[in-house]
Structures are given as C-alpha cells and as structure tokens.
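All ligand and atom numbering here is 1-based and tracks the order in the structure. For clarity, every value in this text was computed on a predicted model and none was experimentally measured.
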Amino acid sequence: MEPMDTPSNDPTDERAARQEWRHAHDRTSDLQAAGNPTDPTMVPPVATADAEPAGTQAAPPAASTATPAAAQPTERIAKSMTEHPAHVPNPSDLVLAIRGLRVAFSGNEILHGVDIDAPRGAVVALVGPSGCGKTTLLRSINRLTELAPTASINGEIQLDGQNVYDRGTDLNLLRRRIGMVFQQPNPFPMTIFDNVAFAMREQAKTRPSRSSLMPAVQDVLQRAGLWDEVKDNLDRNALSLSGGQQQRLCIARTLAANPEVILMDEPCSALDPRSTARIEELIIQLAGSLTVVIVTHNLAQAKRIGDYAAYLLNGDVIEQGLARKVFEDPDQQSTRDFVSGMFG
Ligand SMILES: Nc1ncnc2c1ncn2[C@@H]1O[C@H](COP(=O)(O)OP(=O)(O)OP(=O)(O)O)[C@@H](O)[C@H]1O
Ligand SMILES: [Mg+2]
C-alpha cells in the first residue's frame, strides 16, 4: 500500500475521492430532506410550491394526468400476489408506483426505465450490487436526486396515484409524506426533545409549548423504541447518544412528521448486530401502519424483514415480487446468482 502523501493512480484512490465527494453531497441533501434550517451546508429550503431546481427535467406535463387507475401493480408483482404478506392488507393497493423512471447524470443514464410497486403497509427491500442505482432510485422517490445539478429525471413516481414530479408539488410536504433515514445517523445538533419536536413545531401555526408537545414526543419515541433509554434526560444533546440510539432518534424524527412512506438507505450498515436487530424489530412494528422502502446490502436482513423485494442490476429491475419468492425461488438466473452470493 502506498503512503498517504504519495500521488497515485491507484483506482481505489479515485474511488475514495469520488465517494468523499458523494458523501459531501449526501450530507447536504440529507439535511435538506430532514429539514434542518440551521446547518450552513444546507441547500436553501424550497421557496415556492412550483419551483423546479436547475438541471431537472421533470416528467412531461402529460404525466400530471396520471390517475390512480394507472397505479396498477406491474405484471410480475401481480403474479406473486396469491400469497398476502403479513403487513399488507391489500396487495393491489399501491402507495408507490414507479413507472418508467430514467435518471441520468451528465447524460450518463443510471436508471433505465425502472418500474417498481410498493404495496401499502409493506416492507419493500431493494437489493443489488454496488453501483446498480439503488440509492439513486431511493433519492428520486422524494426528489432528492434533482439536487445534483447534472441530474435529469424522466418517468413517473406516483404517490397515492399522484405523480410526485408534477409541477406544483410542494417539496416540503412531499418530504414529510415520504421521510428518509440515511446510512449515517444524522441527528440535529440539539437536544433529543428538540430533534423530535422539530417537525411538530414546523407544522404548527403558532409555536407550541413544550408541555403541549410532550405527549406526542413521548409517543413517537416509544414507537421508535427509544423512550425507555432517554426518558430521564430528554435535554441531553442528541449527538451524545450511541450510533444505534442516534439512528432510532432519526427514525423518531421522521415519524414525527407523520409520513406515509419511510425510505431507508442501508440504515444498519454503520451499526453493531444488537442495534441492527433493534432497528429491524422497529421496521417490522412500523410496517402495516406505514410503508418502508429499504435498501440493504445484507441479504439476510432483506429476507428477515422484506415483504416484497426488487433486485436491481446495472440500472434495471431484473426481478420483483414477494420477498420469499425473489430470495428463495427466483425466476431469473441473474437473481439466483446474486441471492446465492455468487456476486455483488
Ligand atoms: N450525484 C451524482 N453525480 C454523478 N453520478 C452519480 C451521482 N449519484 C450517483 N451517481 C452514479 O450513479 C451510479 C449509481 O450510484 P448509486 O449510489 O445509486 O448506487 P448504489 O446501488 O446505491 O451503490 P451502493 O450499493 O454502493 O451504495 C454510480 O455510478 C454513481 O457514481
Ligand atoms: Mg447506495
């Protein structure tokens, strides 16, 4: 291995630099998604409902005519609907229907017309090898992808039958309805109480008192499985919590906005097995009352918690359907190779 200060053409250096750049970018958009107005790296909040970020080619206006009827399950997932997973009361009721999603950066297409169904109440696991576009897909669902000035996005993502790329979409509201939890826990540098109360205060017309917020804060911390560990000192700085606790706090902060969908991008990859197990329990408890779309590299985790699964490769969905089917009896050879650990 070369010393740190020696110039190198090692491709791993280039990869590390690229990753660093992406993390810097991610940090900005993570905060944008979480809605932190105090962070100096934050992209300014969306000022008007119909503002379109530079470089974004939203889906054509015709897309706004999308009706709930268009959100029919894709053929492949419909075939696997004979068994109803535990969390899903009605598998043909799609909270999210992604249709023909194409994303390119600087003209380089990363997602090539992706169709994915997310039945309401399900845990939908997105799996695939590194670089296949999972994060790009997830970030396109709550319109974070377009924060990259080189991004162009086409296709439809219907949330309850309405295309999120329609002109006039209120991005702040969209990101409350579709919350996001990231790989690295990103609590705000403020107290535990204030982290959870943040969205509640933002949504209130006049600033609510602490005592009036307390029942809701307690409820959300209980749902996130953190209450017992923090109830004695809610004024502790959130950054002094352990990584696993911070991640549950981020889930609590997301829940406080009362989302319909939570997107999770490898939420356990920075956590130890015990914290991972707690987050998995939490996801299983939350599912049903809301929908979780989770990207994970941990196939065992995807099998444990997924009701539905989609396998992506090089920007295409190769296979999707009931998680059990995708992981245990896939139709495609490529899926079989991936789930058996032959690559990825
Ligand atoms: N903002 C961006 N600008 C340019 N290229 C990007 C940007 N974001 C992602 N990409 C490219 O898109 C491709 C897919 O990246 P993405 O992060 O979506 O993959 P992934 O499946 O999440 O990978 P991993 O499993 O490693 O997290 C990569 O080639 C990446 O370099
Ligand atoms: Mg990723």
Strictly by salt bridge (charged side-chain N to carboxylate O under 4.0 Å, His left out), give each pair with a member in residues 289-302 just once, sequence neighbours left out. none
Within one Ile-Leu-Val-Met-Phe-Trp-Tyr cluster: V317 and L137, side-chain cutoff 4.5 Å: yes
H297 near ligand 1 by a heavy-atom separation under 4.0 Å: yes
Atoms of ligand 1 close to A148 [distance to a heavy atom under 4.0 angstrom, numbered from 1]: 1 (N)
Does ligand 1 have an atom under 4.0 Å from some heavy atom of G128? no
Checking only N/O/S atoms, does T135 have one that is under 2.8 Å from the Mg ion (ligand 2)? yes
With a 4.0 Å cut-off on N to O distance, would you call D194 and R201 a salt bridge? yes
What I want to know is whether T135 and ligand 1 share at least one N or O pair that is separated by under 3.5 angstrom. yes
Any N or O on C132 sitting closer than 3.5 Å to an N or O of ligand 1? yes
I110, portion touching ligand 1 at heavy-atom distance under 4.0 Å: side chain
Going by side-chain contact (heavy atoms from CB on, under 4.5 Å), M180 matches just one of N186, I262, V261, L263. Which one? L263
Do side-chain atoms of K134 reach the backbone of G128 as a donor and acceptor pair under 3.5 angstrom? yes
With a 4.5 Å limit on heavy-atom distance, are the side chains of V127 and F338 in contact? yes
Within 4.0 Å of some non-hydrogen atom of E266, the atoms of ligand 1 are 27 (O)
